[in-house]
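A note on names: the letters A, B, ... follow the listed sequences, proteins ahead of strands, and every chain is numbered from 1.
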2 protein chains.
Amino acid sequence: MLVRINTAPRMSIDGHLAALAGEGMCYSEFRYRRGLEIFGEGEEPEYVYQIVSGAVRTYKLLPDGRRQINAFHLAGDMFGFENEAIHRFTAEAIVETHAHLMRRSSILEAVRNGGAGTKDLIKFVTQNLAHAESHMLLLGRKTSLERVTAFLLEMDERLHHPDVMILPMSRRDIADYLGLTLETVSRALSILRDEGLLRFDGNTQRRLELVDRDALAKIDA
Amino acid sequence: MLVRINTAPRMSIDGHLAALAGEGMCYSEFRYRRGLEIFGEGEEPEYVYQIVSGAVRTYKLLPDGRRQINAFHLAGDMFGFENEAIHRFTAEAIVETHAHLMRRSSILEAVRNGGAGTKDLIKFVTQNLAHAESHMLLLGRKTSLERVTAFLLEMDERLHHPDVMILPMSRRDIADYLGLTLETVSRALSILRDEGLLRFDGNTQRRLELVDRDALAKIDA
DNA sequence: TCCCGAGCTTGAGCCGGATCAATCCCGGCT
DNA sequence: AGCCGGGATTGATCCGGCTCAAGCTCGGGA
């Protein structure tokens, strides 16, 4: 399952994990192959993760298989922190992913000792909450076109407005994030393309270029 | 706007606010009339609130008026904490509500000083996040009947399984919480009543009795 | 006591997104 | 170069929840 590519603990030099537990804390680096489960809903949390490269989806399932993806995590993002003794969702690598791992117990202890990283931890959880709240607005009240547009703008922002956006996730992943079906996502993208707001870039359908960000922002109510 | 009913600072004896900032912290008690806005989305956060009695809805609006209620807050619940310098949503009293207020700056300072309440603050934000995550699953993937059932079971639990549940919120509020219309909520309740899983209690439509909680739990996928 | 208005229920018809079903496209393999 | 398979697009039809509309219920006030 896990592919350990660096067993020797290393010092954290920058990034959130370092901020959380302070310098001098150590972590390991792991690699997860495309599609691999990183942890499962209900499992006992052992680590907190920061992505070095790759992409991760976190999701919940209903008993009959319906899936809701909470969030996508990209390079630099942290995920997997749990306050209670249980993972509230499953995490999977969307593509080959490298991540730094730090023991959850270290984080909790740092908080207990009034460590400097406490503020960062609160900030981290609060940002997740803010994201979840705006996603509830999307899921409860936006149309399919608004949802897909919002998704594109979110990814555009998180990828720092690249000329060509390379999406690591499939149409099905996008659909399960937006509370739609993959066909509806595909249709919405086609509409935006036909309206000239975006271009499918060349060969593959996961590379696309936002041509008119202002117009997209207007669609996203 | 605010109706101050107790200007003299009082000591906190129990509850979350006390835990947050430690004993010796003071707070005021305010009363909000039915329908009154407690704070608005985008405003600068000044207080953190704990409900003594009553009920509060927190929500976001789209420009055209579509509304998504994030959460209902009942007696004993805390709400309104912000890490950043802005309120992410609006809060309104659903019915006449009494609340304890504590200055946000006190909380932040307590965290800065490594106060004992820090752990409670993290727990508070994390619980909100957990609620938001399961609500995303509801909004993204559940049917109308499942949503209404989940709502009833949530309220039943939070009101400690009363014989007769008295809902403070309207059908429209429930609908805006569940991402439905008020008609659909009403129809779902009628179905559950016709199936014998709940009873409308006598005179008013906001009093209801859950007759078969197990059957309801089965419906909520 | 009666009336009024807000909230709720119920009905009829419609529509946006789901479902079912072909292709199509591209990457990877031989 | 040709083949194969998974992902994406597009089309046709369906249906769950929305919209529009009428009528009911209950609480409050004159």
*Asks:* Just compare C:dA18, D:dA8, C:dT9 and give me whichever is closest to any side-chain atom of A:R206.
*Replies:*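 Output: D:dA8.
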
*Asks:* Across the strands shown, which category fits A:S144 at heavy-atom distances under 4.0 angstrom: base, sugar-phosphate, nothing?
*Replies:*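 Here A:S144 touches the backbone only, sparing every base.
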
*Asks:* Crowded around B:D64 CG? As in, over 12 foreign heavy atoms under 6.0 Å?
*Replies:*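 Yes, the 6.0 Å shell around CG holds more than 12 heavy atoms from other groups.
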
*Asks:* So B:R207, base contact, sugar-phosphate only, or nothing? Heavy-atom distance under 4.0 Å.
*Replies:*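 Nothing, no nucleic acid heavy atom in range.
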
*Asks:* Indicate, with a heavy-atom threshold strictly under 4.0 Å, whether B:S170 touches base, sugar-phosphate, or nothing.
*Replies:*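 Sugar-phosphate: the residue B:S170, judged by heavy atoms under 4.0 Å, touches backbone atoms but no base.
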
*Asks:* To the nearest Å, give me how far apart CZ (B:F200) and C1' (C:dG7) are.
*Replies:*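 After rounding, the reported distance stands at 13 Å.
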
*Asks:* Can you find a donor-acceptor pair, distance only, under 3.5 Å between A:E183 side chain and C:dC20 base?
*Replies:*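 Answer is yes: a donor-acceptor pair is held.
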
*Asks:* Answer with base, sugar-phosphate or nothing: what part of the nucleic acid does A:R187 contact at a heavy-atom distance below 4.0 Å?
*Replies:*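 Contact class for A:R187: base.
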
*Asks:* Can you work out whether B:R172 or A:G179 has the more 5'-proximal nearest nucleotide on DNA chain C?
*Replies:*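 The answer here is B:R172.
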
*Asks:* Does B:E41 come within less than 4.0 Å of B:R88, counting only side-chain N to carboxylate O?
*Replies:*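 The answer is no: the pair does not qualify as a salt bridge.
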
*Asks:* Taking CD1 from A:I166 and P from C:dC26, how many angstroms apart are they, rounded to a whole number?
*Replies:*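 Result: 16 Å.
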
*Asks:* Rounded to whole angstrom units, what separation is found between the CG atom of A:D176 and the P atom of D:dA8?
*Replies:*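 After rounding, the reported distance stands at 12 Å.
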
*Asks:* Could you state the CG-P distance from B:L182 to C:dA6, rounded to the nearest angstrom?
*Replies:*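 Those two atoms, CG and P, are 15 Å apart.
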
*Asks:* Give a yes or no on whether a salt bridge exists between B:D77 and B:R158, defined as a side-chain N under 4.0 angstrom from a carboxylate O.
*Replies:*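 The answer is yes: the pair qualifies as a salt bridge.
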
*Asks:* Using whole Å, what does the distance between atom P of nucleotide D:dC24 and atom CZ of B:R171 come to?
*Replies:*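 After rounding, the gap between these two atoms is 19 Å.
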
*Asks:* Base, sugar-phosphate or nothing for B:R193? Non-hydrogen atoms, less than 4.0 Å.
*Replies:*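 The answer is sugar-phosphate, as B:R193 gets under 4.0 Å only of primed atoms, P, OP1 or OP2.
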
*Asks:* Could you state the CG-C1' distance from B:L180 to D:dC18, rounded to the nearest angstrom?
*Replies:*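 Computing the B:L180:CG to D:dC18:C1' distance gives 10 Å.
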
*Asks:* Looking at D:dC18, D:dT10, C:dT10, which one has an atom nearest to any side-chain atom of A:S190?
*Replies:*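 The answer is D:dT10.
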
*Asks:* Rounding to an integer number of Å, can you tell me how far B:R147 CZ sits from D:dG17 P?
*Replies:*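 The distance from CZ of B:R147 to P of D:dG17 comes to 7 Å, rounded to the nearest Å.
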
*Asks:* Does A:R213 pair with A:D220 as a salt bridge, N-O distance under 4.0 Å?
*Replies:*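 Result for this pair is no, no salt bridge flagged.
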
*Asks:* Rounded off to whole Å, could you give me the CZ-to-P distance for the A:R66 and C:dT19 pair?
*Replies:*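 In whole Å, C:dT19 P and A:R66 CZ are 10 Å from each other.
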
*Asks:* Could you pick out which residue, A:R141 or A:D194, lies toward the 5' side of DNA chain D when each is mapped onto its nearest nucleotide?
*Replies:*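 First, find each residue's nearest nucleotide; the 5'-ward one identifies A:D194.
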
*Asks:* Measure from the side chain of A:T184, starting at C-beta and using heavy atoms only, and say which of C:dT10, C:dA18, D:dC18 lies closest.
*Replies:*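 Nucleotide nearest to A:T184's side chain: C:dA18.
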
*Asks:* Kindly give the heavy-atom pair with the smallest separation between B:Y59 and B:F89, and that separation in Å.
*Replies:*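 The answer is O-CB, 3.3 Å.
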
